[in-house]
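Before any comments, here is the structure.
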Amino acid sequence: QVQLVESGGGLVQAGGSLRLSCAASGRTFSSNGMGWFRQAPGKEREFVSAITWSGGSTYYADSVKGRFTISRDKAKNTLYLQMNSLKPEDTAVYYCAATARFSVVRVGVPSTYGYWGQGTQVTVSS
């Protein structure tokens, strides 16, 4: 079992920055991949970014590339998402997720991830 708890969401003005954290507890394996998804009201859950836990290979949605940076602290079992140059369209509930089997082909598919956090609200004002 893996438990994921997000934190760091809040209200920020356009152009500002925010850092999200996701603390993992329970059975966390080095083979896991972890990622961030977001969901705006009335929209489907959207892939944001992912990272392989052991090697640190990163993947980004085109919409956030160059603005967001994903990272992890293996010693702390914590995943991060540094969000810079935020835009109103970034407003959403952000979820962290984990998978025991990482696949490049399915990196952005929500069903790939068996473990999910409760979500943290990010609101960007114009």
Side-chain angles (χ1 to χ4, degrees):
Q1 300 182 35
V2 176
Q3 294 81 47
L4 306 174
V5 180
E6 303 97 331
S7 63
L11 175 64
V12 65
Q13 292 185 318
S17 298
L18 211 57
R19 188 180 75 161
L20 305 183
S21 299
C22 176
S25 61
R27 295 184 180 275
T28 302
F29 301 102
S30 61
S31 60
N32 283 355
M34 296 190 71
W36 292 95
F37 288 76
R38 65 188 183 186
Q39 188 166 23
K43 300 293 184 67
E44 294 293 315
R45 192 161 297 189
E46 174 190 31
F47 170 72
V48 176
S49 185
I51 189 169
T52 58
W53 197 251
S54 295
S57 298
T58 58
Y59 306 85
Y60 296 94
D62 289 340
S63 60
V64 306
K65 195 171 298 182
R67 299 189 298 122
F68 292 9
T69 302
I70 191 171
S71 63
R72 89 290 196 214
D73 187 327
K74 292 192 284 186
K76 295 182 178 180
N77 290 133
T78 301
L79 179 73
Y80 301 99
L81 184 68
Q82 178 66 46
M83 305 185 294
N84 298 326
S85 302
L86 284 162
K87 305 174 180 179
E89 49 263 46
D90 295 318
T91 295
V93 176
Y94 283 69
Y95 299 90
C96 63
T99 177
R101 181 178 173 83
F102 181 82
S103 170
V104 173
V105 174
R106 295 180 56 82
V107 63
V109 182
S111 62
T112 296
Y113 301 82
Y115 304 97
W116 294 85
Q118 83 289 347
T120 184
Q121 177 70 47
V122 171
T123 302
V124 184
S125 61
S126 59

Exercise for the section: Taking the side chain as every heavy atom from C-beta outward, state whether Thr91 and Gln121 have any atom pair closer than 4.5 Å. Expected result: yes
Exercise for the section: Please examine the side chains of Glu89 and Ser63, heavy atoms only from C-beta on, and report whether any two atoms are closer than 4.5 Å. Expected result: no
Exercise for the section: Could you check whether the rings of Tyr59 and Phe102 sit parallel, tilted or perpendicular, using 30° and 60° as the cut-offs? Expected result: tilted
Practice task
Using the side chain to side chain contact (heavy atoms under 4.5 Å, CB included) rule, take Phe47 and Val109 through it: C-alpha gap first, then chi angles, then the decisive distance, then the call.
Solution key: CA-CA 7 Å; Phe47 170 72; Val109 182; over 6 Å; no
Completion exercise
Closest heavy-atom pair, Ser71 versus Ile51, reported as atoms and distance to 0.1 Å, is CA-CD1, 4.0 Å
Exercise for the section: Could you check if a side-chain atom of Val64 sits within less than 4.5 angstrom of a side-chain atom of Met83, using non-hydrogen atoms only? Expected result: no
Problem - Carboxylate-amine/guanidinium proximity below 4.0 Å for Lys65 and Asp62 - result: yes
Exercise for the section: Considering non-hydrogen atoms only, spot the tightest contact between Asp90 and Arg67 and give its length. Expected result: OD2-NH1, 2.8 Å
Handout entry: Nearest non-hydrogen partners of Tyr113 and Gly35, listed with the distance
Key = CE2-N, 4.2 Å
Practice task
Check whether any side-chain heavy atom of Leu4 lies under 4.5 Å from a side-chain heavy atom of Met34, and answer yes or no.
Solution key: yes
Handout entry: Any side-chain heavy-atom pair of Asn77 and Trp53 under 4.5 Å
Key = yes
Exercise for the section: Consider only side-chain heavy atoms of I, L, V, M, F, W and Y, link residues closer than 4.5 Å, and tell whether Leu20 and Leu11 are in one cluster. Expected result: no
Exercise for the section: Would you name the heavy atoms of Ser21 and Thr78 that are closest together and state the gap between them? Expected result: CB-CG2, 4.3 Å
Problem - Student check: side-chain heavy atoms of Arg72 and Cys22 closer than 4.5 Å - result: no
Exercise for the section: Nearest 0.5 Å please: distance from the SG atom of Cys96 over to the CZ atom of Phe37. Expected result: 11.0 Å
Practice task
Determine whether Ile70 and Leu79 make a side-chain contact, defined as any pair of heavy atoms from C-beta on separated by less than 4.5 Å.
Solution key: yes
Exercise for the section: Report yes or no: does Thr52 contribute a side-chain atom to a donor-acceptor pair with the main-chain N or O of Ser54 at less than 3.5 Å? Expected result: no
Handout entry: OG on Ser126 to CD on Gln13, rounded to 0.5 Å
Key = 9.5 Å
Completion exercise
Rounded to the nearest 0.5 angstrom, the OG-CZ distance for Ser111 and Arg45 is 11.5 Å
Problem - Atom pair OG1/CZ of Thr112 and Arg101 - distance to nearest 0.5 Å - result: 10.5 Å
Problem - Approximate separation, where rounding is to 0.5 Å, of Tyr80 OH and Trp36 CH2 - result: 10.5 Å
Problem - Non-hydrogen side-chain atoms of Pro110 and Gln39 separated by less than 4.5 Å - result: no
Handout entry: Under 3.5 Å: donor-acceptor pair, side chain of Gln118, backbone of Glu6
Key = yes
Handout entry: Chi angles and distances behind the side chain to side chain contact (heavy atoms under 4.5 Å, CB included) call for Val122, Arg38
Key = CA-CA 9 Å; Val122 171; Arg38 65 188 183 186; over 6 Å; no
Practice task
Take the angle between the ring planes of Phe68 and Tyr94 and call it parallel below 30°, perpendicular above 60°, tilted in between.
Solution key: tilted
Fill in the blank from the handout: Separation between CD (Gln82) and CZ (Arg19), nearest 0.5 Å, reads 7.0 Å
